[in-house]
Amino acid sequence: MLQLQVIRDNREEITKALNKRKIDADSLLNNVLQLDEKRRDTQTKLDATLAESNKLSKEIGGLFKSGKAAEATILKEKTGALKEESKQLGDDLNSIAEELQNLLYQIPNVPHDSVPTGTSEDDNEEIFKEGTIPVLDSDALPHWELAKKYDIIDFELGVKIAGAGFPVYKGKGARLQRALISYFLDKNTAAGYTEIQVPHLVNEASGYGTGQLPDKEGQMYHITADDLYLIPTAEVPVTNIFRDVIANKDEFPICYTGYTPCFRREAGSYGAHVRGLNRLHQFDKVEIVRVEHPENSYAALDGMVEHVKDILRELNLPYRVLRLCSGDLGFTAALTYDFEVFSTAQDRWLEISSVSNFEAYQANRLKLRFKDENGKSQLAHTLNGSALALPRVLAGILENCQTANGIKIPEVLVPYCGFDTID
RNA sequence: GGAGGAAUGGCAGAGUGGUCGAAUGCACCAGUCUUGAAAACUGGCGAGGGUCACACCUCCGGGGGUUCGAAUCCCUCUUCCUCCGCCA
């Protein structure tokens, strides 16, 4: 959520930047500012009324104490009207504040200067590419065929137990998955991230804190009996650790990494592009989350990008890095880099990581602040990234590392797997 | 799931209807003293709104109510503790 004060002070620039997202920023901000003015106006009136009745109450108290009950009774009558008035103003204020809040929830984050203008993923900007795309035999298979051939992932079984998009990993497939999780966590902790295990269900407040609610209500599985949501990413529980926190600036940077399953409804997506591991309702992901001083957040973002590159380099997978355009940029992000692995057998790029700086957008919702040099509260910046999302990395490994004699496990994973070939 | 108790500032902990945003201690910050540090002393020290700055307003787990007036009384929800039940 954008800060009202910031909107008031930088209306021009914010309008211009938000327009990159193809929304009618001008009228949106106009409504916000009008409501904000109305809110302050009502607040001022309410404050004056309350001040008046506070004053009267004190006088009445004094009169009672000095035994002048008769005079007190007269004053009491005067408070009735004030009470009614403040009740009315209070109701007004609440409904205005609520309306304002709802409006603010509808405004996405302001894209960073470097974000290219665009309407879809086709306009994303490729900024880096590394690794060699292997030349496979003409009989090379896509990962879902390989999964069947080596009996390491059973999609049909998942359908029986839960439904489409819930695969069952078996034998070396399950082991490879576990190996990847361990490897990622080790890499992340070596880079200074503290490993953490968090709940996989979150409450409504947490959903609002990181911005999944109200924007992406339909994307999350909602357990109505207890009003909890299955997490779509570890970002939600991990970042919400800092909800209502005033950190000490000396604690920065705060770095966490956590493995969780992720649950996404992905309503309405079927077809060839969602075959196999390409898109699932449940998948595993290792996430990195940082809380940063605002001055340092973009340096931190660069550092996270380098970190993910390092992992992909070690896995020896061909990948590229994209700077998301305004049309593809997430609602809450100011700048996002996507990582994609090339799926040789499918002849397409698969997103395997998304690294974002949210600046103060989430912090504002979370009320995540720190004391600056002058002892004043300031919003911190939050960032996160996948390091990494499992299924498509797995798909990439299966497809790119297939040989006539089986799938050759990347060297760094062998100690974690306990085997070097799936055959 | 049942019975009882509790929830106050970063922490600990007073406060049971009136000038309490809240004693006191610890922690923290600044100053004095000191070669420096510690100790001691002095001052400061919650958050949000509002204002050029004051004033002023709101917040004592959340929400609602009683009252001229609520941290204090009532209702309700949440969480924690103790006991019972169930259980990996």
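These numbers come from the heavy atoms of this one structure, side chains and all, not from hydrogens, waters or symmetry mates. By convention in this document, chain letters (A, B, ...) are assigned in the order of the sequence lines, proteins followed by strands, and residues within each chain are numbered from 1. No experiment lies behind these values; they were computed from the predicted model shown.
- In a base pair of the Watson-Crick type (N1 to N3 plus N6-O4 or O6-N4) or a G-U wobble (N1-O2 and O6-N3), with each distance short of 3.5 Å, B:C20 is matched with no nucleotide.
- The nearest pair of heavy atoms linking A:Ile397 to A:Ile407 is O-CG2, 4.2 Å.
- Residues passing the ring-ring contact (aromatic ring centres under 6.0 Å, His included) test with A:Tyr208 are A:Tyr105, sequence neighbours excluded.
- Between the side chain of A:Ser326 and the backbone N or O of A:Gly118, at least one donor-acceptor pair lies under 3.5 Å.
- Between B:A37 and B:C29, the distance separating the two P atoms is 13 Å to the nearest Å.
- Base pairing of B:A53 is not made with any nucleotide, judged by Watson-Crick or G-U wobble geometry with both donor-acceptor distances under 3.5 Å.
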Item to complete: Starting at the 5' end of nucleotides 53-59 of chain B, put B wherever the base has a protein heavy atom under 4.0 Å, S where only the sugar-phosphate does, and a dash everywhere else.
Response: ---SSS-

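- In this entry the distance linking CG of A:Leu379 with C1' of B:A47 reads 13 Å, nearest Å.
- Side chain of A:Asn248 to main chain of A:Asp250: a donor-acceptor pair is present (N/O by atom type, distance under 3.5 Å, no hydrogens or angles).
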Worksheet item: How does each nucleotide of nucleotides 15-21 of chain B score, in 5' to 3' order, for protein heavy atoms under 4.0 Å: base (B), sugar-phosphate only (S), or none (-)?
Response: ---B---

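- Nucleotides B:G31 and B:A23, compared at atom C1', are 25 Å apart to the nearest Å.
- As rounded to whole Å, 15 Å separates atom P of B:C28 from atom CD of A:Glu251.
- In this structure, B:A40 and B:U32 make a Watson-Crick or G-U wobble pair, each of the two defining distances being under 3.5 angstrom.
- Legend: residues meeting salt bridge (Lys or Arg N to Asp or Glu O under 4.0 Å) with A:Asp24, ordered by chain and number and at least two apart, are absent.
- With a cut-off of 3.5 Å on both pairing distances, B:A88 has no Watson-Crick or G-U wobble partner at all.
- With both ends at atom P, the span from B:A30 to B:C20 equals 31 Å, rounded to whole Å.
- Note on A:Arg39: every side-chain N or O is 4.0 Å or more away from OP1 and OP2 of B:G49.
- A:His112 places a side-chain N or O within 3.5 Å of a backbone atom of A:Ser114 that can act as its donor or acceptor partner.
- Using P as the reference atom, B:U72 and B:G9 are 15 Å apart when rounded to the nearest Å.
- B:A22 and B:U8: their C1' atoms are spaced 8 Å apart (whole Å).
- Using Watson-Crick or G-U wobble geometry with both donor-acceptor distances under 3.5 Å, B:C80 finds its partner in B:G5.
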Item to complete: Walk me through it: do A:Tyr229 and A:Tyr221 pass the test ring pair (Phe, Tyr, Trp, His ring centres under 6.0 Å)?
Response: CA-CA 6 Å; A:Tyr229 294 86; A:Tyr221 287 98; over 10 Å; no

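- Following rounding to the nearest Å, A:Leu100 (CG) and B:G48 (P) show an atom-to-atom distance of 18 Å.
- Using a 30° and 60° split on the angle between ring planes, A:His307 and A:Tyr193 fall in the tilted class, from 30° to 60°.
- Within the 3.5 Å criterion, the main-chain N or O of A:Leu50 finds a donor-acceptor partner in the side chain of A:Ser53.
- Here, B:U32 and B:G36 have their P atoms 10 Å apart, quoted to the whole Å.
- What separates CD of A:Glu37 from C1' of B:G49 is a distance of 16 Å, to the nearest Å.
- B:G44 and B:G61 have their C1' atoms separated by 29 Å, given to the nearest Å.
- Looking at residues two or more places apart in sequence or on another chain, you find a side chain to side chain contact (heavy atoms under 4.5 Å, CB included) between A:Thr260 and A:Val198, A:His200, A:Ile231, A:Ala234, A:Cys262.
- B:A70: no Watson-Crick or G-U partner with both key distances under 3.5 Å is found in any strand.
- Of the listed nucleotides (B:G48, B:G50, B:C68), B:G48 has the atom at the smallest distance from the side chain of A:Arg369.
- Of all non-hydrogen atoms in A:Leu379 and A:Ala363, the two that sit nearest each other are CD2-O, 3.7 Å.
- Nucleotides B:A7 and B:A71 place their P atoms 15 Å apart, quoted to the nearest Å.
- In terms of modelled atom types and a separation under 3.5 Å, the side chain of A:Arg392 and the main chain of A:Asn278 share a donor-acceptor contact.
- Atom CG of A:Asn364 and atom P of B:G49 are 10 Å apart (whole Å).
- Without hydrogens or angle criteria, A:His281 side chain to A:Arg264 main chain gives a donor-acceptor distance under 3.5 Å.
- Among the heavy atoms of the strands lying under 4.0 Å from A:Ser377 are primed sugar atoms or P, OP1, OP2 only; no base atom is included.
- Summarising the geometry, the separation between CZ on A:Arg365 and C1' on B:G48 is reported as 19 Å, rounded to the nearest angstrom.
- Checking A:Thr44 against A:Asn94, the closest nucleotide of RNA chain B that is more toward the 5' end is the one next to A:Thr44.
- As a whole-Å value, the separation of A:Phe242 CZ from B:G10 P is 17 Å.
- At least one cation-pi condition fails for A:Lys172 and A:Tyr150: the charged atom is not both under 6.0 angstrom from the six-membered ring centre and inside a 45 degree cone around its axis.
- If you measure from atom NZ of A:Lys87 to atom C1' of B:G65, you get 11 Å, rounded to the nearest angstrom.
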Would you tabulate the nitrogen or oxygen pairs shorter than 3.5 Å linking the protein to nucleotides 7-9 of chain B?
none

